[in-house]
Amino acid sequence: MLESLQTTSPIEPLEFSGRRFHIKRDDLIDPYFSGNKYWKLYALLHADASHIKRIVSYGGTQSNAMLSIARLCQLRGWEFHYYTKPLSSVLREAVQGNLAQALKLGMKLHEVAHEQWRDTVTGLHVPQLDRSVRLIAQGGADPAAQAGVAVLAEAVKRWQESSGIETLNVVTPAGTGTTAYYLARELPECSVITTPAVGDAAYLREQMAALGDLPANLFIIESTKKHRFATPYAEFAALYRELKDAGVEFDLIYAPKMWTALLEHLDGIEGEILYLHSGGVSGNATMLERYRYKGLL
């Protein structure tokens, strides 16, 4: 089944807001490993990891990374234990979305009380002597992600060369910043532009600094408007619809913040823009319900 996974994705033009963009459709790689989740898990998908028996991770109850890891473990015959804060009453009453799919794939869910969350996560990061257990940090943030991002970077280089593009700006939204950080390392001749989906630029720099010194070609931009992570906003709904009408559906968590910041800074960006679709549209089902509930769609 691993052999059936796509390893390439098309790059399509998108005319939007008076500018031409190039969209790398990594959302089309695989329904479970769409976008940056595929590249973050690339090493575990393709490398010899016969010593691994169990994967442990943690995060939100509708995490796209959670669903990807659940599928990874199903394909490789590994146990998957996932830690999260207590389910909401709505979700407990009717399990849906990414959580429902991950549980169907065999994920074992562990709910942790809010007051115990920090200690639990800290405990998960304590080095294990048992090599059969592997921890994947929240969102797939892991130094092993470098291997997959290197493959992605090579695809970008080949496309840039074949397209005869001199000045290229590669755009990708950031959760932990893992993908953006390693892309900048692998693409020193390009500008890599990102924006924090969680927290602000200072917090994102702190997250990425844990991976190493920040590359000079890595640029963090922010919108003048402040938006809370995974919160519905009318302007995000409008942007989602406009982009979809233009030809591409993006996720409702990371993409709206990235596009909002990108459009605000567009006049200062010279050269061609390659937007890496980070996938995650499987999570739109539950997000769209939240938007409708608030009367924003």
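- In this structure a side-chain-to-backbone donor-acceptor pair under 3.5 Å is missing from Arg185 to Gly212.
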request  = Evaluate the criterion side-chain contact (heavy atoms from CB on, under 4.5 Å) for residue pair Val171 and Ile269; output intermediate values, then yes/no.
outcome  = CA-CA 11 Å; Val171 177; Ile269 300 175; 5.8 Å; no
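- Under the 4.5 Å side-chain heavy-atom criterion for ILVMFWY residues, a single connected hydrophobic cluster contains both Tyr233 and Met287.
- One hydrophobic cluster holds both Leu187 and Trp39 under the rule that ILVMFWY side chains link at heavy-atom gaps under 4.5 Å.
- If you take OG1 on Thr195 and NZ on Lys257, they are separated by 6.5 Å, rounding to the nearest 0.5 Å.
- Looking at residues two or more places apart in sequence or on another chain, you find a salt bridge (charged side-chain N to carboxylate O under 4.0 Å, His left out) between Asp26 and Lys24.
- Contact annotation: the side chain of Gln160 approaches that of Cys190 to within less than 4.5 Å [non-hydrogen atoms, C-beta and beyond].
- Here the straight-line distance linking atom CG of Leu45 with atom NZ of Lys37 works out to 13.5 Å at 0.5 Å rounding.
- The heavy-atom pair separating Asp251 from Ser278 by the smallest distance is OD1-OG, 3.9 Å.
- Contact between Ala255 and Phe250 at its shortest, heavy atoms only, is CB-CB, 3.5 Å.
- The main-chain N or O of Val281 is never found under 3.5 Å from a side-chain atom of Glu249 such that the two would form a donor-acceptor pair.
- No more than 12 heavy atoms of other residues, nucleotides or ligands lie within 6.0 Å of CD in Glu93, so this atom counts as exposed by the packing criterion.
- Counting non-hydrogen atoms of neighbouring residues, nucleotides and ligands closer than 6.0 angstrom, the CD atom of Glu115 exceeds 12 such neighbours.
- Looking at heavy atoms from C-beta onward, Glu242 lies in side-chain contact with Phe16 at the 4.5 angstrom threshold.
- Between Leu211 and Thr176, the closest side-chain pair of non-hydrogen atoms is not below 4.5 Å.
- In Asp213, the CG atom is not crowded: 12 or fewer heavy atoms of neighbouring residues, nucleotides or ligands sit closer than 6.0 Å.
- A heavy-atom distance below 4.5 Å is not found between the side chains of Met66 and Ile136.
- For Tyr82 against Gly60, the heavy-atom pair with the smallest separation is OH-O, 2.8 Å.
- Among all heavy-atom pairs drawn from Leu99 and Met107, the shortest one is CD1-CE, 3.8 Å.
- No donor-acceptor pair closer than 3.5 Å links the side chain of Ser34 to the backbone N or O of Leu28.
- Note: the hydrophobic cluster containing Tyr32 also contains Leu75 (ILVMFWY, side chain heavy atoms under 4.5 Å, direct or indirect links).
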task = Could you please spell out the steps behind the salt bridge (charged side-chain N to carboxylate O under 4.0 Å, His left out) verdict for Lys157 and Glu154?
result = CA-CA 5 Å; Lys157 289 177 189 176; Glu154 281 301 315; 3.3 Å; yes
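- Taking CG of Leu276 as the reference point, atom CG of Leu152 lies at 5.5 Å (rounded to 0.5 Å).
- Taking every heavy atom of both residues into account, Ser63 and Asn98 meet most closely at O-ND2, 3.6 Å.
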ask   = Could you walk me through whether Tyr275 and Val248 pass the side-chain contact (heavy atoms from CB on, under 4.5 Å) check?
value = CA-CA 12 Å; Tyr275 188 105; Val248 183; over 6 Å; no
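- Using cut-offs of 30° and 60° on the angle between ring planes, the pair Phe21 and Trp259 is perpendicular.
- Proximity of a side-chain donor or acceptor of Gln138 to a complementary backbone N or O of Tyr58 within less than 3.5 Å is not detected.
- Between Thr120 and His110, every side-chain heavy-atom pair lies at or beyond the 4.5 Å cut-off.
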Intermediate values then yes/no, side-chain contact (heavy atoms from CB on, under 4.5 Å), Gln207 and Val198 = CA-CA 11 Å; Gln207 292 283 98; Val198 182; over 6 Å; no
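- More than 12 non-hydrogen atoms from other residues, nucleotides or ligands lie less than 6.0 angstrom from CZ of Phe229.
- Residues Phe219 and Leu204 fall into different hydrophobic clusters, defined by Ile, Leu, Val, Met, Phe, Trp and Tyr side chains chained together at heavy-atom separations under 4.5 Å.
- Put simply, the side chain of Trp78 gets close to the backbone of Ile52: a donor and an acceptor are under 3.5 Å apart.
- Judged purely by atom type and a 3.5 angstrom limit, Thr194 uses its side chain to pair as donor or acceptor with the backbone of Thr172.
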message = Run the ring pair (Phe, Tyr, Trp, His ring centres under 6.0 Å) test on Tyr42 and Tyr38 for me, step by step, so that the C-alpha distance in whole Å, both residues' side-chain angles and the decisive distance to 0.1 Å come before the verdict.
response = CA-CA 6 Å; Tyr42 184 90; Tyr38 175 72; 5.8 Å; yes
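- Judged by distance alone, with hydrogens and angles left aside, the side-chain atoms of Ser17 form no donor-acceptor pair with the main-chain N or O of Arg19 at under 3.5 Å.
- No more than 12 heavy atoms of other residues, nucleotides or ligands lie within 6.0 Å of CG in Asp267, so this atom counts as exposed by the packing criterion.
- The CD atom of Glu222 sits 12.5 Å away from the OG1 atom of Thr260 when rounded to the nearest 0.5 Å.
- Using modelled atom types, no side-chain atom of Glu186 and backbone atom of Val149 make a donor-acceptor pair closer than 3.5 Å.
- Using a 4.5 Å cut-off between side-chain heavy atoms of Ile, Leu, Val, Met, Phe, Trp and Tyr, with links allowed through other members, Ile273 and Leu218 fall into different hydrophobic clusters.
- For the atom pair CG of Asn36 and CG of Asp27, the computed distance is 11.0 Å after rounding to the nearest 0.5 Å.
- Between the side chain of Arg241 and the backbone N or O of Leu297, no donor-acceptor pair lies under 3.5 Å.
- Judged purely by atom type and a 3.5 angstrom limit, Asn169 uses its side chain to pair as donor or acceptor with the backbone of Glu272.
- Between Leu91 and Gln96, the shortest heavy-atom contact is CD1-N, 3.7 Å.
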task = Show your working on salt bridge (charged side-chain N to carboxylate O under 4.0 Å, His left out) between Glu12 and Arg25 and close with a plain yes or no.
result = CA-CA 7 Å; Glu12 303 173 349; Arg25 297 298 305 273; 3.0 Å; yes
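- Residues Val156 and Ile11 fail the side-chain proximity criterion, which asks for heavy atoms closer than 4.5 Å.
- Note that CG of Leu109 is 9.5 Å distant from CZ of Phe80, once rounded to the nearest 0.5 Å.
- Using a 4.5 Å cut-off on side-chain heavy atoms (C-beta onward), Val192 and Tyr181 make no contact.
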